[in-house]
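In this chain, residues are counted from 1 in sequence order.
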Amino acid sequence: MEVIYSMIDMLFWVLGVYLMLNVAYLAFFGLVGLLPLRKSKKEANRYRKIAVLFPTYQENVVIIDSVKAALKHQYHGTFEIVVIADGLQPGTLVTLKELGAKVIEVYFEKSTKGKAMQFAMNKLDGEGFEIAVVLDVDNIMSDDCLTYLNASFDEGKRVVQAHRVAKNMDSSFAFLDACNEEVNNHLFRKSHAVLGLSPALIGSGMAFEFAYFRNLLNNIGETVGEDKQLDFMIAKDKVSIAYLDDVYVYDEKIENAKVFTKQRTRWIASQVEFLKKYAFEGFVQLFKGNVEFFNKTLQTFLVPRMLLLALLFLLAVQSFLNPFGPTKEFWMSLFISLCLTLVIAIPRRFYADKRLYVALFQIPRAMLGMVIALASIGKAKKSFMATPHSSKPLEKEKYLIMPLEMLIIPAIIFGILGFVRGVSAYKRVQDKS
């Protein structure tokens, strides 16, 4: 039995060290992300011709509203709105053309965003475009977005990621998703840019040197995560990605658990795909001095945050009853550290909105959705799991009057300490009886 006990103890310690490295990575970039980034440059020596791409899969309503908004965008140079139409109705195609958008129809037995963009880029080759901007079907660009993107290319950048933010926060789940988006921006984009590392591409709000993007897409292959594949290809080329923290692209947030689970299924499948594909090569690239590629590989080893939060909570609870592995102080410290990391990664303005505190009650549903998504990743390889969209107006954000997170942090700490004291008191009573 002692051998079995030793093995169980060792397994808990291995799990503990792995999760500790997860939390350490997130906490480090959480703190770095508090440092400021320089403001984006707006002035440019010349204004390049831009293709604004809307890859669209069976979205016949929202694409019309998005194109209307994009056509009103102000830019001193020339730009064209290009709708890559996969499965759109004939009436929608006619309306888009009448509005002034260029429509490129695509047909695939198994649709992917990467294949659609590859086809469109090859069609557009030779039309004088110098920059390709990729937007989701529901995205709206902030004022002067294209002007700022153009200025980055004036500085010699070849790939640029704008700051994607929530377009709507009209349900508790949408608000929670908006928080998650900003946590991602803080941990994987702004903090990396502060250190001079490339931010993670997010799938939209991206701008590329036209010829370079076309070359990337012609070598992308079939994948459920084209943005992650592009990330690794760009890192391997040792091309740095710029991040414009103050240039926004507004994106619709998910309103319910069902759509959340569907989207996360695709995301987790993508992470697993690239973990298998690049785990070994990441270390090879590190020895070649390619830190960017290695960092992208490390991110594939991270447990998705909702699952990490749930797992650490369960491990902290079981540590009061389980004699094996790390102590309860170890598990509690990891859980608290993760909570604090998430607290500082959420923008201050969110703390002034009471919807944040209502949205917190959606976390258990989100955790359950992640568990279901983890068990369903096989579906993402068999079919194109596009996230459904609706036509949402751009919501004006409320801004913070005072930094209320200074109150939230102690509240979390005291809440957890109260829980620990309660469990300890219960154990003492049980021991006496």
Side-chain angles (χ1 to χ4, degrees), residues 40-56 63-64 66-86 93 96-106 113-137 139-164 201-220 226-227 230 233-234 237 239-244 246-250:
S40 301
K41 180 183 175 183
K42 189 176 180 181
E43 298 75 23
N45 293 322
R46 66 186 184 90
Y47 294 92
R48 295 155 181 79
K49 185 177 181 182
I50 300 176
V52 180
L53 308 178
F54 279 99
T56 308
I63 184 58
I64 294 174
S66 298
V67 166
K68 286 179 179 178
L71 287 168
K72 295 177 183 177
H73 193 77
Q74 298 296 311
Y75 176 60
H76 294 300
T78 303
F79 74 98
E80 287 190 42
I81 304 301
V82 181
V83 177
I84 308 170
D86 187 348
L93 300 176
L96 291 171
K97 291 174 183 177
E98 289 175 348
L99 288 172
K102 182 188 289 289
V103 177
I104 298 176
E105 293 184 70
V106 296
K113 185 177 176 181
K115 288 192 294 187
M117 290 193 296
Q118 178 189 10
F119 183 89
M121 288 294 289
N122 287 326
K123 275 277 190 180
L124 295 171
D125 188 37
E127 296 190 20
F129 292 109
E130 296 178 80
I131 299 174
V133 174
V134 180
L135 298 178
D136 274 347
V137 66
N139 285 175
I140 296 176
M141 295 179 285
S142 61
D143 294 342
D144 299 317
C145 179
L146 294 182
T147 302
Y148 281 107
L149 292 172
N150 175 74
S152 290
F153 287 87
D154 220 41
E155 296 179 330
K157 302 299 182 184
R158 301 181 72 186
V159 184
V160 183
Q161 174 67 60
H163 185 163
R164 202 172 75 177
L201 293 176
I202 199 171
S204 70
M206 309 180 295
F208 300 83
E209 181 188 275
F210 188 91
Y212 182 51
F213 189 42
R214 178 170 172 265
N215 179 65
L216 289 171
L217 288 173
N218 283 332
N219 294 282
I220 197 171
E226 76 290 330
D227 52 338
L230 289 170
M233 294 170 75
I234 293 166
D237 288 344
V239 172
S240 64
I241 302 173
Y243 179 59
L244 306 185
D246 52 356
V247 178
Y248 303 105
V249 169
Y250 299 95

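Other residues, nucleotides and ligands contribute over 12 non-hydrogen atoms within 6.0 Å of the CD atom of E155.
Looking at Q161, its side chain does come within 3.5 Å of a backbone N or O of I202 through a donor-acceptor pair. With hydrogens and angles disregarded, no donor-acceptor distance shorter than 3.5 Å links the side chain of T56 to the backbone of V137.
Every residue was checked against the ring pair (Phe, Tyr, Trp, His ring centres under 6.0 Å) condition with F54, not counting sequence neighbours, and none meets it. Residues passing the salt bridge (charged side-chain N to carboxylate O under 4.0 Å, His left out) test with E98: none are found, sequence neighbours excluded. Qualifying salt bridge (charged side-chain N to carboxylate O under 4.0 Å, His left out) partners for E127, counting only residues two or more places apart in sequence or in other chains: K102. For E43, the side-chain contact (heavy atoms from CB on, under 4.5 Å) criterion is met by K41, not counting sequence neighbours. In this structure K42 satisfies the side-chain hydrogen bond (donor to acceptor under 3.5 Å, both in side chains) test together with D144, sequence neighbours excluded. By the side-chain contact (heavy atoms from CB on, under 4.5 Å) test, K97 pairs with V103, sequence neighbours left out. Qualifying side-chain contact (heavy atoms from CB on, under 4.5 Å) partners for L99, counting only residues two or more places apart in sequence or in other chains: I64, V67, K68, L71, T95. Under the ring pair (Phe, Tyr, Trp, His ring centres under 6.0 Å) criterion, F79 pairs with no residue, sequence neighbours left out. Residues that satisfy the side-chain contact (heavy atoms from CB on, under 4.5 Å) test with R214, not counting sequence neighbours, are M121, N122, D125, N218. Partners of D246 according to the salt bridge (charged side-chain N to carboxylate O under 4.0 Å, His left out) rule, which considers only residues two or more places apart in sequence or in another chain, do not exist here.
Considering every non-hydrogen atom in both L124 and A51, the closest pair reads CD1-CB, 4.4 Å. Minimum heavy-atom separation, F213 to A132: CD2-CB, 3.8 Å. Closest heavy-atom contact between M141 and C145: CB-CB, 3.8 Å.
Proximity of K113 to D136: side-chain heavy atoms (C-beta onward) are separated by under 4.5 Å at one or more points. Side-chain contact check for V159 versus L230: every heavy-atom pair is 4.5 Å or farther apart. Two residues are said to be in side-chain contact when any heavy atoms from C-beta on lie closer than 4.5 Å; F208 and L217 fail this criterion. No side-chain heavy atom of V134 sits less than 4.5 Å from a side-chain heavy atom of D227. When side chains are defined from C-beta on, E226 does not count as touching K115, because their heavy atoms never get closer than 4.5 Å. No side-chain heavy atom of V160 sits under 4.5 Å from any side-chain heavy atom of I131.
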Audit row: I104, F119, side chain to side chain contact (heavy atoms under 4.5 Å, CB included) steps and yes/no: CA-CA 9 Å; I104 298 176; F119 183 89; 3.8 Å; yes
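Expressed to the nearest 0.5 Å, how far OG of S240 lies from NZ of K157 amounts to 4.0 Å. Going from atom OG of S142 over to atom OH of Y250 covers 5.5 Å, rounded to the nearest 0.5 Å. Going from atom CD of E80 over to atom CD1 of I50 covers 11.5 Å, rounded to the nearest 0.5 Å. Here the straight-line distance linking atom CG of N215 with atom CZ of F210 works out to 12.0 Å at 0.5 Å rounding. Between the CD1 atom of I234 and the CG atom of L201 there is a distance of 5.0 Å, given to the nearest 0.5 Å. The NZ atom of K72 sits 12.5 Å away from atom CD1 of I81, with the distance rounded to the nearest 0.5 Å.
Ring planes of Y47 and H76: perpendicular class, angle over 60° (limits at 30 and 60°).
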Identify all side-chain donor-acceptor contacts of residues 147-154 below 3.5 Å with residues at least two apart in sequence or on another chain.
unit_1, atom_1, unit_2, atom_2, d
N150, OD1, R48, N, 3.0
N150, OD1, R48, NH1, 3.2
N150, OD1, Y75, OH, 3.4
N150, ND2, R46, O, 2.9
D154, OD1, R48, NH1, 3.4
D154, OD1, R48, NH2, 3.1
D154, OD2, N45, N, 2.7
D154, OD2, N45, ND2, 3.4

